[in-house]
Amino acid sequence: MESIEQQVARLKRGTQLIVPEDGLRAKLEKSAKTGKPLRVKLGLDPTAPDIHLGFAVVLRKLRQFQDLGHTVVIIIGDYTALIGDPSGRSATRPMLSEAEIKANGATYVDQLSKILDRERTEVRFNSEWLGKLGFADVVQLAAKMTVAQVLAREDFRNRYETNQPISLHELLYPLAQAYDSVAIEADVEMGGQDQTFNILAGRDLQGVVGQDPQIGLFMPLLVGLDGQKKMSKSLGNYVGISEPPLDQYSKLMSLADAQMRDYFLLCTDVPEPEFDALLASVANPMEAKHRLAREIAAIYHGAEAADAAGAEWRRIHSERQVPTEMPDVTVPAEEVAEGQVPLLRLILLANFAASKSEARRLIEQGGVTYDGEKVTDPQARVPVADGAVLKVGKKNYARVRA
RNA sequence: GGGCAGAUGUCCGAGUGGCUAAAGGAGGCGGUCUGUAAAAUCGUCGGCGAAAGCCUACGCAGGUUCGAAUCCUGCUCUGCCCA
């Protein structure tokens, strides 16, 4: 068993902030003394799950707690989702039905278990306790927080100052989350830095009701592949943990050099001195990036698959060869005339363009290669030859199947 | 409850009767360059069409006009001020 000192050091890796600073040690000592595992909380929205490296940063930290014998409590925010956003202008944000939420919850657990240890994971839905609160209970809870406190929170303040609408119920969200901590008697709550306010609210509320307040453990938000914004699915700057190894590898190779250190720190287990030395010593940053891509692909797919992805990547990019594997496109018989098909059609069939206009543009701009030949005539018809390779842009390949 | 302001393409944001598929920026996509990336640079970004052109689009619904993102009416939503 590691000493408390070592445990603290391990758990601190990559963290952005721990509140209070010495709280982690105190909690660990208490747990060691009583033999009672810590309850480490993470709250999630029951929206369609999609776990990417940014989210994995937090999950991996939870896993570290589990490896030290502690319990992770995942809270699916089904109740808050049921309330939904009633004033949502666009009809495109339908409230999730109870069945959908349950289904999403199940998928979540499934995906989470790629990183977490199921044996030490407790999954709870917050309707379990929030659904029992009456209006009077809610009002009493709300009395524990002031408007100024809530508005001091950065995102609300920004929205308020820029005249963005804030609905009243949004102000209640931190309260609901805080109550979750009370309900499950959390010792530690994890979150990204955007969760600061909510997590501290939980601390306060626990104090009010006489519980030992949770400590907040904040992980930095992982910046996405664009090097600008936090990694998220909607921004398209993400690497999913379930993606095939080559996709992960390729995406990571297109990471900005300056971001490599953060990714090593937050997404791999490579010791800090080691990657710092690597980053300092390597003449060509690409070599360090290969290491990074390999480490990460190996976490999710195993060392062998990661090496294969690396070899394939070098083949495609360094040697500019056609990838060994690519999706097939089959041209329906009725589209073939005299053994040929319009190239435009082919691009659409392969799903490399959303419209004919876009496909035409791609051809005119020299982005399309068929069977090794660059084609720039948008009217071109090409032979439907089994095994011919269609290349659109830098990364899109498909093999024609006759 | 009263008054005022606003709603434009992926986002931000110009545009106050024809020259507007709509300036500019961000972002995306393609080309060149390269060590992957970035940067730089050139091009491009509603749909259909070989093209001419046609269709759809400036919150929603009507109206005025030869012609409307631009004017009028009603509605919806948002912000601000007053109560």
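In the text below, chain A, chain B and the rest are named by the order of the sequence lines, each starting its count at 1.
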- [ ] Considering non-hydrogen atoms only, spot the tightest contact between A:Val375 and A:Ala380 and give its length.
- [x] CG1-CB, 3.7 Å
- [ ] Please confirm whether the backbone N or O of A:Gly202 pairs with a side-chain atom of A:Gln177, one donor and one acceptor, at under 3.5 Å?
- [x] no
- [ ] Write down the distance between CG (A:Asn396) and P (B:G30), rounded to a whole number of angstrom.
- [x] 7 Å
Open item on the list: Taking only the C1' atom of each, what is the distance from B:C60 to B:G6 in whole angstrom?
Closed with: 16 Å
Task: Spacing of A:Tyr263 atom OH relative to B:A37 atom C1', expressed in whole Å - done: 12 Å
- [ ] Write down the distance separating the C1' atoms in B:U20 and B:U56, rounded off to the nearest Å.
- [x] 15 Å
Task: Parallel, tilted or perpendicular: rings of A:Phe55 and A:His52 (30°, 60°) - done: perpendicular
Task: A:Arg315 CZ - B:U36 P separation (whole Å) - done: 17 Å
Open item on the list: Could you tell me how far apart A:Tyr249 (OH) and B:A37 (C1') are, to the nearest whole angstrom?
Closed with: 14 Å
- [ ] Take the protein atom CG of A:Asn237 and the nucleotide atom C1' of B:A37, then report the distance between them rounded to whole Å.
- [x] 15 Å
Task: Distance between C1' atoms of B:A7 and B:A69 (Å, rounded) - done: 12 Å
- [ ] Using the six-membered ring of A:Tyr263, assess whether NZ or CZ of A:Lys289 lies under 6.0 Å from its centre and within 45 degrees of the ring axis.
- [x] no
- [ ] Check whether the side chain of A:Gln365 and the base of B:G43 form a donor-acceptor pair under 3.5 Å.
- [x] yes
- [ ] Starting from P on B:G35, measure out to CG on A:Leu279 and report it in whole angstrom.
- [x] 20 Å
- [ ] Write down the partner of B:A40 under the Watson-Crick or G-U wobble criteria, each distance required to be under 3.5 Å.
- [x] B:U32
Task: Nearest-angstrom distance, C1' atom, B:U32 to B:A38 - done: 16 Å
Open item on the list: Return the pairing partner of B:C71 with a 3.5 Å limit on both distances, Watson-Crick or G-U wobble; otherwise return none.
Closed with: B:G63
TODO: Establish, with yes or no, whether the OP1 or OP2 oxygen of B:C45 is under 4.0 angstrom from a side-chain nitrogen or oxygen of A:Ser357.
DONE: no
Open item on the list: Using heavy-atom distances to pick each residue's nearest nucleotide on RNA chain B, tell me which of A:Ala354 and A:Leu225 is more 5'.
Closed with: A:Leu225
Task: P-based separation of B:G15 from B:U34 [nearest Å] - done: 44 Å
Open item on the list: Tell me which one of A:Thr121, A:Leu42, A:Leu44, A:Val123 satisfies side chain to side chain contact (heavy atoms under 4.5 Å, CB included) with A:Leu112.
Closed with: A:Leu44
- [ ] For B:C81 versus B:A21, give the span between their P atoms, rounded off to a whole number of Å.
- [x] 40 Å
TODO: Send over the distance from A:Arg314 CZ to B:U34 P, rounded to a whole Å.
DONE: 20 Å
Open item on the list: Tell me the interatomic distance from A:Lys394, atom NZ, to B:U32, atom P, rounded to whole angstroms.
Closed with: 7 Å
Open item on the list: Once rounded to the nearest 0.5 Å, what's the spacing between atom CH2 of A:Trp129 and atom CD1 of A:Ile184?
Closed with: 6.5 Å
TODO: Map A:Pro285 and A:Leu362 onto RNA chain B by nearest heavy atom, then report which one ends up closer to the 5' terminus.
DONE: A:Leu362
- [ ] Establish, with yes or no, whether the OP1 or OP2 oxygen of B:G47 is under 4.0 angstrom from a side-chain nitrogen or oxygen of A:Ser355.
- [x] yes
Task: Partner nucleotide of B:G53 by Watson-Crick or wobble geometry (both distances under 3.5 Å) - done: B:C48
Task: Nearest-nucleotide pick for A:Arg361, side chain only, options being B:G47, B:U36, B:C33 - done: B:G47
TODO: Rounded to whole angstrom, note down the C1' distance from B:G46 over to B:G9.
DONE: 8 Å
Open item on the list: The side chain of A:Lys374 is closest to which nucleotide in this list: B:G31, B:U36, B:G47?
Closed with: B:G31
Open item on the list: Taking any heavy-atom pair under 4.0 Å as a contact, classify A:Arg360: base, sugar-phosphate, or nothing.
Closed with: base
Open item on the list: Any base atoms under 4.0 Å from A:Lys356, or only sugar-phosphate, or nothing? Heavy atoms, all strands.
Closed with: sugar-phosphate
Open item on the list: Rounding to an integer number of angstrom, what distance separates B:A57 and B:C48 when you compare their C1' atoms?
Closed with: 15 Å
TODO: Under 4.0 Å between any heavy atoms, over every strand shown, what does A:Pro378 touch: base, sugar-phosphate, or nothing? Just pick one.
DONE: nothing
TODO: Look up atom CG in A:Leu390 and atom CZ in A:Arg399, then write down how far apart they are to the nearest 0.5 Å.
DONE: 11.5 Å
